[in-house]
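Beneath this line is the structure, given in structure tokens, with notes to follow.
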Amino acid sequence: MDQPRISSFRDLTEAQKELTDDIIRAVELANKGPIPADEDMPSLRERLWEKVFDDWNTAQIFPITHPGRMPKKSADKSRLQIGVLSRDHPASAAAKAKAAKKNTETITHRPRIPAHRRGGQPVYMRPNINWNSGGLPVYMTIDSRGAGVKPEFIQYRNGWTRLEAEAEAGKHWDRHEKRIVWDHNIELGIYWARRRLLLGMKERGMLADDRQIPEEDENPDDLVQLRTCYELHRAHSVEPEHVRRLRGELITQYSLYRRF
């Protein structure tokens with residue numbers, strides 16, 4: 001049986017175009033975007049279907065696949081360099097304990113200072129967030145290997161204050177969190193749209209009986225809810241300077257569809 005080829009928005013029937021309306025609303029909600037008004041739906045449908053048919057059409061015989069879990073952010077996307085060590089920093093407690101266990105140091109000698117904790121080496125900041133508590137992020141200062149750095153050993157870049165460094169680290173974390181969450185949710189929406197289109201075609205006898213279509217039901221919980229440092233600070237009415245700096249980098253139009 002020849003597989004019908006639907007490869008663009010123009011090839012869809014009106015009913016097929018509307019298959020994604022609830023998907024669009026669910027993804028927008030998870031992405032913290034504005035819930036689309038009825039008059040916005042035609043253009044949003046077209047933009048999503050354009051992504052659906054990007055390097056794909058209904059005649060392709062290889063099966064569509066679920067995008068899986070959202071990947072974790074890399075260290076560089078979770079932390080921001082906010083300065084350098086102003087002088088040599090003592091080894092971390094963990095490093096001291098490890099050295100003592102190996103008997104490489106004695107209590108009569110000062111522990112060796114590793115190269116990454118020497119003066120001039122980078123200092124990073126990352127937010128530590130307990131989403132369940134709803135409290136403010138705790139901004140941790142760390143070295144290149146993730147060990148803690150004491151505030152008195154930090155020379156901030158660009159003349160930042162501690163508060164300004166926290167604001168910049170929060171913006172950095174939020175910027176990459178938005179990207180990874182948005183991309184994941186969009187990929188999931190694309191997968192659902194393709195699956196719905198193929199299932200509808202199969203029900204109408206337009207596809208071969210042996211055409212492979214994933215059987216698992218759509219699970220709205222697979223969508224990741226966007227959460228940011230910004231929203232926590234705004235909810236707690238933090239010092240105006242902090243909120244203002246965080247807001248400065250906030251993308252006011254959250255809708256990922258409007259970025260296409």
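Salt bridge Asp88/Arg117: absent, no basic N to carboxylate O contact under 4.0 Å. In summary, Arg162 and Glu166 engage in a salt bridge, as defined by a charged side-chain N under 4.0 Å from a carboxylate O. The pair Arg196-Asp22 counts as a salt bridge, with a side-chain nitrogen and a carboxylate oxygen less than 4.0 angstrom apart.
Applying the salt bridge (Lys or Arg N to Asp or Glu O under 4.0 Å) rule to pairs touching residues 125-140 yields nothing, sequence neighbours excluded.
A search for side chain to side chain contact (heavy atoms under 4.5 Å, CB included) contacts involving Glu187 returns Pro67, Ile190, not counting sequence neighbours. Applying the side-chain hydrogen bond (donor to acceptor under 3.5 Å, both in side chains) test to Glu152 and every residue at least two apart in sequence or in another chain returns nothing. For His66, the ring pair (Phe, Tyr, Trp, His ring centres under 6.0 Å) partners are Tyr191, not counting sequence neighbours. By the ring pair (Phe, Tyr, Trp, His ring centres under 6.0 Å) test, Phe153 is found to be paired with His89, residues two or more places apart in sequence or in another chain being considered. Looking at residues two or more places apart in sequence or on another chain, you find a side chain to side chain contact (heavy atoms under 4.5 Å, CB included) between Gln16 and Ile6, Leu12, Thr13, Leu19, Leu197, Met201, Arg204.
Looking only at distances, no side-chain donor or acceptor of Asn158 sits under 3.5 Å from a matching main-chain atom of Trp160. Not a single donor-acceptor pair under 3.5 Å links the side chain of Arg79 to the backbone N or O of His172. Proximity of a side-chain donor or acceptor of Thr161 to a complementary backbone N or O of Glu164 within less than 3.5 Å is detected. Judged purely by atom type and a 3.5 angstrom limit, Asp11 uses its side chain to pair as donor or acceptor with the backbone of Ser8. Judged by distance alone, the side chain of Glu231 and the main-chain N or O of Thr228 form a donor-acceptor pair under 3.5 Å. Side-chain atoms of Lys32 come within 3.5 Å of backbone N or O of Leu226 as a donor-acceptor pair.
Between Cys229 and Ile129, some side-chain heavy-atom pair lies under the 4.5 Å cut-off. The side-chain heavy atoms of Met125 and Ile142, taken from C-beta on, include no pair separated by under 4.5 Å.
If you take CZ on Arg175 and NZ on Lys77, they are separated by 12.0 Å, rounding to the nearest 0.5 Å. Note that the NZ atom of Lys17 and the CZ atom of Arg10 stand 10.0 Å from one another [nearest 0.5 Å]. How far CG of Leu199 is from CD of Glu215: 9.5 Å, rounded to the nearest 0.5 Å. With rounding to the nearest 0.5 angstrom, the CG atom of Asp143 is 9.5 Å from the CD atom of Gln121. For the atom pair OH of Tyr124 and CD1 of Ile82, the computed distance is 10.5 Å after rounding to the nearest 0.5 Å. Rounding to the nearest 0.5 Å gives a distance of 10.0 Å between CG of Leu198 and CD of Gln60.
Judged by the 6.0 Å and 45° rule, Lys171 forms no cation-pi pair with Tyr230. Taking the centre and axis of the six-membered ring of Trp173, the NZ or CZ atom of Lys178 falls outside the cone set by 45° and 6.0 Å.
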